[in-house]
Amino acid sequence: MAHVVVLGAGLGGAIMAYEMKDQLRPEDTITVVTKDPVYHFVPSNPWIAVGWRKREEITVDLGPTMARKGIAFRPVAAERVIPQENRIRLVDGSDVTYDFLIIATGPELAFDEIPGFGPHGGFTQSVCHIDHAEQAEQVFQKLLKAPGPVIIGAAQGASCFGPAYEFLFILESALRKAKIRDKVPMTFVTAEPYIGHLGLDGVGDTKGLLESEMRGKHIKWITSARVKQVEDGKMTVEEINDDGSVKAEKVLPFAFSMMLPAFRGIAPVRGIEGLSNPRGFTIVDQHQQNPAYPNVFAVGVCVAIPPMGPTPVPCGVPKTGFMIESMVSATAHNIGNILRGKEPDQVGTWNAVCLADFGDGGVAFVAQPQIPPRNVNWSSSGKWVHLAKVGFEKYFLRKLRKGTAEPFYEALALKVLGIDKLKETHKG
């Protein structure tokens, strides 16, 4: 018999546990270890930050669902992964041993890399976590009473740009509804070399679509931007030339700012030779398997992916929800194969399917695969995107509460759209 441990229970970890359970033999067991027993639907955080959602609407208590599925659940944070000994030391002093480990921890948010940055003692807000989004909503309420300049964007090293654009337009829509948009100058500050780069060198015409939206809504932007420091009501930003030199330094005033940080791997997996890279992200091969420790796999934002190419200011590669689910499916199949004496043979497509809500419209894109060159490179905009995002939120939360990895109608819809989670394997 084998004991499989999933470390983390966010977007990747929760679905990983359900899908892995389906791949196990009757004698195998599975345990989920997570610091937070409650799942939060992160894509809804921008709505939380303007008061369009409440915490209870986007959360799932995972314990009861895991119990129904026969999955052991340990809501205790990890202190250190010790892959040489096949065990995880937890913060309560106990250990969890494993035969197979799937790291699905998500990232640590590197607010501390910029002076005055972030919601923990700094001066900028975040929508990366529900706690941050609720704090941002309190500052948003102050903005409604005392309108002033707004700065939204993503700092150097960020790898998740979609939510910055989403929140920019959701906030713009909320300000219009409050009839104070005319009193709030808005600036988008991003590490991207151009608007719509998204860490992916663009998808379809995301550059044209997003620039057009921003012009139409009177939003200024600064690209190839490096945030030097943040003080109360004041952000110092450097514009960087292609050769890395400083083109200009600007001091931007703000009454409200939401800036996405760079990510790094969490402390329990950082600094382990062969397991993690210098930023603490877990190294995997095409089968989601770590080369140094073959019984360790990883899925989601914690996976090491090299950047698309050099940019004047560092930009990471995003891991979109569908891309993560393709990693999950590949990992479950591959561990299932190993348990039955076979070799790993499944490779995730890493296709990107993204719905970016703008409050009353939005932009959608499909990149197959996410990393160029692509077979499909498509983007579109319209009110339908907002409706689709709301529908997906309801559907995904229901899926988590039921403990279903992929209902038949999701599989059917993806097949109709020609979107696959796993690559076809050609055997000769």
Side-chain angles (χ1 to χ4, degrees), residues 46 49-50 109-128 132 135-161 163-172 174-175 180-197 199 210-211 213-215 217-263 311-316:
V50 293
L109 308 172
F111 294 114
D112 59 300
E113 294 181 346
I114 301 171
F117 197 68
H120 304 293
F123 303 102
T124 60
Q125 307 305 313
S126 160
V127 293
C128 295
H132 300 163
Q135 180 177 319
E137 198 269 337
Q138 293 175 11
V139 182
F140 168 68
Q141 293 299 330
K142 294 178 183 176
L143 179 69
L144 295 179
K145 296 186 178 93
V150 161
I151 302 172
I152 309 298
Q156 57 268 29
S159 58
C160 190
F161 298 95
Y165 287 104
E166 265 200 312
F167 186 68
L168 174 75
F169 292 113
I170 286 170
L171 178 63
E172 198 276 342
L175 292 170
I180 60 165
R181 176 66 182 89
D182 59 315
K183 300 175 183 176
V184 181
M186 300 183 76
T187 305
F188 190 73
V189 173
T190 180
E192 301 160 276
Y194 59 83
I195 292 299
H197 180 278
L210 289 168
E211 282 190 355
E213 287 279 345
M214 290 165 79
R215 285 194 186 95
K217 291 179 165 61
H218 307 285
I219 298 168
K220 296 179 180 178
W221 64 79
I222 302 173
T223 54
S224 292
R226 185 167 64 204
V227 180
K228 188 175 179 180
Q229 66 175 23
V230 186
E231 300 165 85
D232 190 5
K234 187 169 64 173
M235 184 182 299
T236 304
V237 175
E238 295 175 326
E239 281 188 83
I240 306 301
N241 287 312
D242 288 348
D243 63 2
S245 62
V246 177
K247 177 182 177 182
E249 182 173 298
K250 297 182 178 180
V251 178
L252 307 174
F254 67 87
F256 179 100
S257 176
M258 195 295 295
M259 294 288 292
L260 299 180
F263 293 165
T311 50
V313 178
C315 293

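What's counted below: heavy atoms across the whole structure, side chains too, no hydrogens, waters or symmetry copies.
The side-chain contact (heavy atoms from CB on, under 4.5 Å) search around Asp243 returns Asn241, Ser245, not counting sequence neighbours. When the ring-ring contact (aromatic ring centres under 6.0 Å, His included) test is applied to His132, the partners found at least two apart in sequence or on another chain are Phe111, His120, His129. For Val150, the side-chain contact (heavy atoms from CB on, under 4.5 Å) partners two or more places apart in sequence, or in a different chain, are Leu143, Ile152, Leu171, Val184, Met186, Phe256. Partners of Asp112 according to the salt bridge (charged side-chain N to carboxylate O under 4.0 Å, His left out) rule, which considers only residues two or more places apart in sequence or in another chain, are Arg264. Looking at residues two or more places apart in sequence or on another chain, you find a salt bridge (charged side-chain N to carboxylate O under 4.0 Å, His left out) between Glu172 and Arg176, Arg181. In this structure, the side-chain contact (heavy atoms from CB on, under 4.5 Å) partners of Glu249, at least two apart in sequence or on a different chain, are Lys228, Thr236, Glu238. For Lys234, the salt bridge (charged side-chain N to carboxylate O under 4.0 Å, His left out) criterion is met by Glu231, not counting sequence neighbours. Among residues two or more places apart in sequence or in another chain, the salt bridge (charged side-chain N to carboxylate O under 4.0 Å, His left out) test is passed with Lys250 by Glu239. Legend: residues meeting ring-ring contact (aromatic ring centres under 6.0 Å, His included) with Phe169, ordered by chain and number and at least two apart, are Phe358. With sequence neighbours left out, Gln156 forms a side chain to side chain donor-acceptor pair (under 3.5 Å) with no residue at all. Among residues two or more places apart in sequence or in another chain, the side-chain contact (heavy atoms from CB on, under 4.5 Å) test is passed with Pro312 by Pro193, Ser224, Ile240, Asp242. Take Asp232 and apply the side chain to side chain donor-acceptor pair (under 3.5 Å) test, not counting sequence neighbours, and it matches no residue.
Atom OG1 in Thr124 sits 7.0 Å away from atom CZ in Phe254 (nearest 0.5 Å). Rounded to the nearest 0.5 angstrom, Phe161 CZ and Glu166 CD are separated by 14.5 Å.
For Gln125 (side chain) and Val139 (main-chain N/O), no donor-acceptor pair under 3.5 Å exists by modelled atom type.
Side-chain contact between Phe123 and Met235: absent, with no pair of heavy atoms (C-beta onward) separated by less than 4.5 Å.
In terms of heavy atoms, Ala155 sits closest to Met259 at N-CE, 4.1 Å.
A ring-ring contact (aromatic ring centres under 6.0 Å, His included) with Phe188 holds for exactly one of Tyr165, Phe167, Tyr194; it is Tyr165.
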